[in-house]
Asker: 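Quick one: the structure is below, and I'll ask about it shortly.
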Amino acid sequence: MARTLPSQYDPFDAEPRWQRFWEEHRFFSPAADGPGKPFSLVLPPPNVTGSLHMGHALCFTLPDVVVRYRRMKGFKTLWLPGTDHASIAVHTVLEKQLRQEGKTRFDLGREAFLERAWAWKEQSQDTIRGQLRRLGLSLDWTRESFTLDEKRNRAVVKVFIDLHRKGLIYRGKSLVNWCPASQTAVSDLEVDDKEEKGHLWQLRYPVADSDEFLVVATTRPETMLGDTGVAVHPEDPRYKHLIGREAELPILGRRIVIVGDEAVDREFGTGAVKVTPAHDPNDFEIGKRHGLPMINLLNPNGTYNENAGPYAGLDRFVVRKQVVARAAAEGWLVGIEDHVHNVPYSERGGVPIEPYLSDQWFLDVSGMAARVLEAFDSRNQPAFVPERWGKVYRDWLVRIRPWNISRQLWWGHRIPAWFVAGSEGEYVVAHDEAEAFAVARERYGTDVQLQRDQDVLDTWFSSSLWPFTTLGWPDQTEDLGVFYPNVLMSTGFDIIFFWVARMAMMAGEFTGQIPFETVYINGLVRDEKGQKMSKTKGNGIDPIEMMDKYGTDALRYTLVREVTGAGQDVRFDYNRKTGESGAVDASKRFANKIWNASRFVLMNLDEWTPGQLGGLPEPGALTLEDRWILGRLGQTARQIDQMLGRYALGEAARVLYEFIWDDFCDWYVELAKPRLEALETRRGAQQVLAAVLDQTLRLLHPWMPHLSEEIWQLLHQPDGVASICLQPFPTGEGLPETVPPEFALMQQVVRAIRNLRAFAQVPPLRTLPAVRLASRNAEERAAIDATRQAIAYLGRVEQLSLEEVADEHLKQVAVGVAGTVQVILPLGGLVDVAALAGKIRRSLEKLEKESGVLAARLGNESYLANAPAELVTESRAKLAEQRAQAAILAEQLARLEN
RNA sequence: GGGCGUAUAACUCAGCGGUAGAGUGCUUGCUUCACACGCAAGAUGUCACAGGUUCGAAUCCUGUUACGCCCA
């Protein structure tokens with residue numbers, strides 16, 4: 001043995017070593033003016049809120065497989081990393097910390113709060129960078145971005161100002177989804193409905209100046225304090241006569257008008273509804289239609305304000321209790337029913353949201369959406385993989401609504417607008433304060449006092465610019481010219497609305513292009529029970545824990561192998577008690593198998609590199625098994641190349657697994673062993689082993705970058721700086737398209753011999769003195785003749801004889817069949833005749849059943865008329881073989897039993 | 001209410017018109033000089049249900065049931 005290598009692969013030694021190596025040598029940092037067609041994409045920037053989870057691991061590994069493949073295919077490949085400042089999520093984290101100190105952000109003040117936010121961001125960003133490297137992602141760290149860094153801020157301000165100048169950004173009073181926990185408006189998308197058991201309270205409102213009264217039903221009785229009307233259906237005979245009159249609001253004694261509105265459902269509750277325009281979206285619409293006043297009851301923190309009269313200062317849920325109690329006490333609570341209804345919750349804040357009347361900034365996206373929709377409908381830009389997600393994207397664009405882009409938060413891109421002190425909401429929009437003053441002076445002819453808007457922009461506003469701001473936009477940089485638009489966007493289906501559609505719209509508006517050709521959508525990673533992983537459930541599985549246990553490559557391979565390309569969810573195999581994963585363990589064993597097969601090759605190369613070995617032997621010098629493995633390699637490479645091209649990453653992973661384990665390890669390496677022993681055949685075997693290993697490593701590299709690099713380096717021992725990352729990806733070029741047909745029969749015969757050996761309980765190591773083969777088929781005899789040595793070696797047979805007709809007088813044998821070859825194993829001792837007969841009878845029954853089906857089909861005239869001729873020929877051949885096999889088995893059986 | 005997805009071996013999943021596959025687990029035999037994280041041999045399925053199309057259906061169509069997701 002020329003070289004000693006450990007018998008087990010140690011990913012924990014190899015992985016960090018190669019990660020450093022790749023980054024130090026900047027293999028992933030393409031020069032904009034370098035060679036090759038560009039292939040670019042951006043990392044969906046993870047939030048700086050701690051650490052990455054298994055969903056990230058999947059979402060990032062998938063495109064990395066594609067990226068590494070493209071880079072090897074010679075593309076000028078840019079995979080650009082970054083992180084997202086995540087306004088609300090960071091606020092949630094920091095405010096939780098502050099609560100533990102008994103403070104709020106308002107106690108701290110804006111400046112001190114932002115200091116904390118930046119400190120948090122630094123820490124979280126470091127963690128995330130470490131994790132991204134740990135995953136082995138081939139990112140270009142020299143171009144790293146952050147959604148809230150100075151360059152990105154410049155772009156965001158420019159975009160805001162431009163959109164405002166175009167009249168697309170405007171101030172509006174609107175009901176927004178108010179999250180009292182984070183004290184900001186959130187978009188519809190950030191609201192989750194939860195079904196909850198609640199009550200439907202029936203409250204009696206007296207009709208003013210009469211003895212009559214109305215009963216209204218509500219799930220939120222406390223909002224009655226903000227009622228400015230009661231609505232009934234205009235055609236409802238019970239209430240028709242009351243329309244236009246007034247009701248008296250209990251507690252506050254305010255008079256509110258009774259209106260008729262068709263939106264009222266006569267069947268629901270009592271058919272009369274209280275109208276609280278400032279606190280309910282439906283009521284807001286009714287209020288607008290009938291010109292009802294809008295009374296805001298809420299303070300930003302969820303307590304009631306002075307409009308709530310005696311309840312001012314109390315929390316909304318306390319008010320509910322007290323209002324109900326009072327109604328009961330005063331006799332105007334006339335009923336309570338149990339009621340299951342949907343309560344909107346703030347995704348981030350985790351509390352029920354309140355519809356809240358406030359001033360917000362809106363972006364009119366209707367025009368942008370229309371252009372994006374046009375690109376999709378007429379040119380299929382972008383193309384979705386899998387295609388069906390395009391429908392989700394399209395539906396969203398069709399039903400598009402104005403986008404509320406302001407958030408009442410501090411951490412984020414502050415809105416570049418300054419309000420004029422003492423005015424009714426007048427403002428100027430400018431790049432900075434100096435410009436704002438200048439604009440104001442120009443407009444008003446005198447200096448005015450300005451106060452900058454306190455709010456920041458929705459995080460998705462800056463994220464939507466990510467594909468081009470990362471490349472330097474608004475500057476016309478070289479990167480932007482070369483790498484934009486991106487080729488690929490890889491992300492989860494859950495942010496098609498949040499992100500993909502908005503990126504498309506913003507890119508359309510500011511670059512005139514759809515920002516990426518293809519959107520590759522991946523599914524969710526679910527836990528071992530098939531449930532969504534979430535922080536609140538605490539059922540997450542930490543990718544770091546998996547990598548610590550099995551190595552990065554094993555985790556990567558597992559995640560990708562589980563993906564079929566259909567955007568299906570991935571259920572992560574995991575034992576919560578032991579912290580083990582059978583699936584990742586299987587991948588680790590695969591890695592170890594590759595390591596050991598490589599180790600075998602390396603130990604037998606006499607320190608020669610593939611280059612020194614001079615490539616493959618001359619075609620004429622190739623043995624049958626050489627031609628077979630090269631053919632299989634060619635088929636495999638062509639298949640994988642084609643599959644990766646269409647993002648069938650999981651299928652390709654499986655194809656490679658079969659080639660490596662079943663073909664290369666189980667058959668070719670075994671057959672190479674005797675050749676390596678003999679001086680005259682050693683060199684040829686070395687050449688083929690080295691060449692196949694080299695190509696196999698390159699095929700493997702996208703999935704298992706570290707392992708493939710480790711072995712590739714051992715194999716090639718490059719003097720300079722070389723890496724498998726930049727080697728050409730095998731395409732099967734120059735390799736045979738077919739395999740020698742004799743090989744399959746050889747495999748069958750070997751299996752039959754092994755089967756008989758197991759049946760006769762001959763230990764695997766004992767060499768069989770003799771095995772007799774017999775076939776009436778000349779082609780089969782020729783094939784066996786060509787593969788005698790292989791059969792003898794793999795079957796451990798001393799003497800292999802081949803005849804046309806088996807010796808009729810053989811006794812004490814075990815018999816089997818491969819193709820129509822009789823396989824006869826003479827045994828020294830006694831044969832269990834009954835057991836052998838049973839075994840043969842079972843095979844015979846199975847065979848007869850199968851040939852029965854085939855015969856029936858071939859007897860069917862419409863089959864012969866309609867089925868492809870090739871198939872009919874094949875079926876006939878198959879049937880003939882099955883019949884011959886059956887005849888052999890029947891004969892053997894007869895001989896045994898007489 | 002609208003849309004989408006999934007039901008295949010004990011488990012996790014491939015296959016998506018031409019006689020049912022893998023990994024894990026299970027049974028049996030092996031420490032064979034690449035690998036016991038291994039080798040060899042095996043057992044295991046009315047491909048959810050009901051119709052239809054077809055010479056032929058896990059595969060295409062229709063409906064049903066169950067589970068899951070998205071939108072309103």
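Order of the sequence lines fixes the chain letters, A, B, ..., with proteins taken first and strands second; residue numbering starts at 1 for each chain. These values consider heavy atoms only, across backbone and side chains, with no hydrogens, waters or symmetry-generated copies. Please read all numbers here as calculations on a predicted model, not as lab measurements.
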Asker: State whether A/W608 and A/R683 meet the cation-pi test: NZ (Lys) or CZ (Arg) under 6.0 Å from the six-membered ring centroid, and within 45° of the perpendicular axis.
Answerer: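 Geometry flag: set, cation within 6.0 Å and 45°.
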Asker: Rounded to whole Å, how long is the line connecting atom CG of A/L656 with atom P of B/G23?
Answerer: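 Atom-to-atom, A/L656 to B/G23, this comes out as 15 Å.
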Asker: Rounding to an integer number of angstrom, what distance separates B/A58 and B/A20 when you compare their C1' atoms?
Answerer: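 The answer is 8 Å between these two C1' atoms.
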Asker: Could you check whether A/R526 makes a cation-pi contact with A/F572, meaning its NZ or CZ is under 6.0 Å from the centre of the six-membered ring and within 45° of the ring axis?
Answerer: no
Asker: Between B/G3, B/U32, B/C35, which nucleotide gets closest to the side-chain atoms of A/K391?
Answerer: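 Nucleotide nearest to A/K391's side chain: B/G3.
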Asker: Not counting sequence neighbours, list each pair that qualifies as a salt bridge (Lys or Arg N to Asp or Glu O under 4.0 Å) and has a residue in residues 843-854 of chain A.
Answerer: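 Applying salt bridge (Lys or Arg N to Asp or Glu O under 4.0 Å) to every pair that reaches into residues 843-854 of chain A, excluding sequence neighbours, yields nothing.
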Asker: For nucleotides B/A72 and B/C60, find the distance between their P atoms and express it as a whole number of Å.
Answerer: 31 Å
Asker: Give a yes/no on whether any side-chain N or O of A/K839 is located under 4.0 angstrom from OP1 or OP2 of B/G42.
Answerer: no
Asker: Taking the side chain of A/K673 as heavy atoms from C-beta outward, which of B/A14, B/C69, B/A34 is closest to it?
Answerer: B/A34
Asker: Regarding A/D666, tell me which of base, sugar-phosphate or nothing describes its non-hydrogen contacts under 4.0 Å with the strands shown.
Answerer: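 It contacts sugar-phosphate atoms only.
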Asker: For B/U27, which nucleotide in any strand shown is its Watson-Crick or wobble partner with both distances under 3.5 Å?
Answerer: B/A41
Asker: NA contact type, A/K878, heavy-atom cut-off 4.0 Å: base, sugar-phosphate, or nothing?
Answerer: base
Asker: Does the Lys NZ or Arg CZ of A/R632 fall within the cation-pi geometry relative to A/W661 - under 6.0 Å from the ring centre and within 45° of the axis?
Answerer: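 Because its charged atom misses either the 6.0 Å distance or the 45° angle limit, A/R632 does not stack over A/W661.
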Asker: Taking N and O atoms by type only, does the side chain of A/R857 place a donor or acceptor under 3.5 Å from a partner on the base of B/U19?
Answerer: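 Not at all, since no donor on one side and acceptor on the other fall under 3.5 Å apart.
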Asker: Think A/R654 has a side-chain N or O under 4.0 angstrom from the OP1 or OP2 of B/A22?
Answerer: no
Asker: Indicate whether OP1 or OP2 belonging to B/A40 is found under 4.0 Å from a side-chain N or O atom of A/N755.
Answerer: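 Indeed not, no polar side-chain atom of A/N755 lies that close.
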Asker: Taking the side chain as every heavy atom from C-beta outward, state whether A/I711 and A/W595 have any atom pair closer than 4.5 Å.
Answerer: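 Yes; the side chains approach each other to less than 4.5 Å.
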Asker: Rounded to whole angstrom, note down the P distance from B/C69 over to B/C13.
Answerer: 15 Å
Asker: Would you compute the distance between atom CG of A/D573 and atom CD of A/E528 and round it to the nearest 0.5 angstrom?
Answerer: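 The distance works out to 8.5 Å.
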Asker: Side chain of A/R561, heavy atoms from C-beta onward: which of B/A22, B/G3, B/A41 has the nearest atom to it?
Answerer: B/A22
Asker: Less than 3.5 Å between a donor and an acceptor, one on the side chain of A/E670 and one on the base of B/U32, is that the case here?
Answerer: no
Asker: What's A/R757 touching, base or sugar-phosphate or nothing? Going by heavy atoms closer than 4.0 Å.
Answerer: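 Result for A/R757 = nothing.
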Asker: Taking only the side-chain heavy atoms of A/L854 (C-beta and beyond), determine which of B/U24, B/G5, B/U19 contains the nearest atom.
Answerer: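 Taking heavy atoms from C-beta onward, the closest nucleotide is B/U19.
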Asker: Report yes if at least one side-chain N or O of A/K593 is closer than 4.0 Å to OP1 or OP2 of B/G23; otherwise report no.
Answerer: no
Asker: Rounded to whole angstrom units, what separation is found between the OH atom of A/Y668 and the P atom of B/A34?
Answerer: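 Distance check: A/Y668 OH to B/A34 P gives 16 Å.
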Asker: Less than 4.0 angstrom between a side-chain N/O of A/W661 and OP1 or OP2 of B/C39, yes or no?
Answerer: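 Yes, within the criterion.
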Asker: To the nearest Å, how far apart are A/Y574 OH and B/C13 P?
Answerer: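 So the OH-P distance, A/Y574 to B/C13, works out to 18 Å.
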Asker: I'd like to know if A/D569 and A/K532 make a salt bridge, using a cut-off of under 4.0 Å between side-chain N and carboxylate O.
Answerer: no
Asker: Side chain of A/R754: nearest nucleotide among B/G15, B/A40, B/C39?
Answerer: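 Within the option list, the nearest is B/A40.
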Asker: When the P atoms of B/C11 and B/G2 are compared, how many Å lie between them, rounded to an integer?
Answerer: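 Between the two P atoms, the distance is 34 Å.
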Asker: May I ask which nucleotide in the shown strands pairs with B/A58, Watson-Crick or G-U wobble, both distances under 3.5 Å?
Answerer: none
Asker: Rounded to the Å, how far apart are A/E528 CD and B/C13 C1'?
Answerer: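 That distance rounds to 16 Å.
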Asker: C1' atom, B/A9 versus B/C55: distance in rounded Å?
Answerer: 30 Å
Asker: Using the side-chain heavy atoms of A/Q882, tell me which of these nucleotides is nearest: B/C4, B/U19, B/C69.
Answerer: B/U19
Asker: With a 4.0 Å cut-off on heavy atoms, is A/Y9 in touch with a base, just the backbone sugar-phosphate, or nothing at all?
Answerer: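 The answer is nothing, as A/Y9 stays clear of every strand by at least 4.0 Å.
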Asker: Nearest to the side chain of A/Q8, which nucleotide is it out of B/C37, B/U19, B/G5?
Answerer: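 That would be B/C37.
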Asker: Counting any heavy atom closer than 4.0 Å, what does A/R526 reach on the DNA or RNA strands: base, sugar-phosphate only, or nothing?
Answerer: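 Touches sugar-phosphate only.
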Asker: Can you tell me how far P in B/A36 sits from the matching atom in B/A40, rounded to whole Å?
Answerer: 14 Å
Asker: Within the 4.0 Å heavy-atom criterion, would you say A/E580 contacts the bases, only the backbone, or no part of the nucleic acid?
Answerer: nothing
Asker: State the syn/anti category of B/A40 according to its glycosidic angle, syn meaning within 90° of 0.
Answerer: anti
Asker: If you measure from the C1' atom in B/C33 to the same atom in B/A41, how many Å do you get, rounded?
Answerer: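 Pairwise C1' distance, B/C33 against B/A41, rounds to 23 Å.
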Asker: Out of B/G38, B/U19, B/G23, which nucleotide sits closest to the side chain of A/A586?
Answerer: B/G23
Asker: With ring pair (Phe, Tyr, Trp, His ring centres under 6.0 Å) as the test, would you mind laying out the steps for A/W389 and A/F384 before giving the verdict?
Answerer: CA-CA 6 Å; A/W389 291 110; A/F384 280 79; 8.6 Å; no
Asker: Say you draw a straight line from CG of A/L671 to CD of A/Q789; how long is it, rounded to the nearest 0.5 Å?
Answerer: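 Separation between the atoms: 10.5 Å.
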Asker: Without decimals, in angstroms, what is the distance between A/N177 CG and B/A72 P?
Answerer: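 A/N177 atom CG is separated from B/A72 atom P by 11 Å.
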Asker: For B/U6, what is the paired nucleotide under Watson-Crick or G-U wobble rules, both distances under 3.5 Å?
Answerer: B/A66
Asker: For atom C1', what is the distance between B/U6 and B/G15, given to the nearest Å?
Answerer: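 Those two atoms are separated by 15 Å.
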Asker: Nearest-nucleotide wise, let me know which of A/C665 and A/D573 is further upstream toward the 5' end of RNA chain B.
Answerer: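 It is A/D573 whose nearest nucleotide is closer to the 5' end.
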Asker: Assign each of A/F664 and A/A758 to its nearest nucleotide of RNA chain B by heavy atoms, then name whichever residue's nucleotide is nearer the 5' end.
Answerer: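 The residue mapped nearer the 5' terminus is A/F664.
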Asker: Can you measure A/I400 atom CD1 to B/C71 atom P for me and round it to whole angstrom units?
Answerer: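 From A/I400 CD1 to B/C71 P: 14 Å.
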Asker: With A/K673 as the cation and A/Y793 as the aromatic partner, state whether NZ or CZ is under 6.0 Å from the six-membered ring centre and within 45° of the axis.
Answerer: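 Judged by the rule, A/K673 and A/Y793 form no cation-pi pair.
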Asker: Please examine the side chains of A/Y520 and A/M489, heavy atoms only from C-beta on, and report whether any two atoms are closer than 4.5 Å.
Answerer: no
Asker: Could you tell me how far apart A/R796 (CZ) and B/A41 (P) are, to the nearest whole angstrom?
Answerer: 13 Å
Asker: Look at the side chain of A/N596 and decide which nucleotide, out of B/C4, B/A34, B/G23, has an atom nearest to it.
Answerer: B/A34
Asker: What is the separation between atom CZ on A/R401 and atom C1' on B/C71, rounded to the nearest whole Å?
Answerer: 11 Å
Asker: Taking only the side-chain heavy atoms of A/R571 (C-beta and beyond), determine which of B/C37, B/C71, B/C13 contains the nearest atom.
Answerer: B/C13
Asker: Does the A/S581 side chain pair with the main chain of A/V584, one donor and one acceptor, at a distance under 3.5 Å?
Answerer: yes
Asker: Quick check on contacts: within residues 861-876 of chain A, what sits under 4.0 Å from RNA chain B by heavy-atom distance?
Answerer: A/S862, A/Y863, A/N866, A/A867, A/P868, A/L871
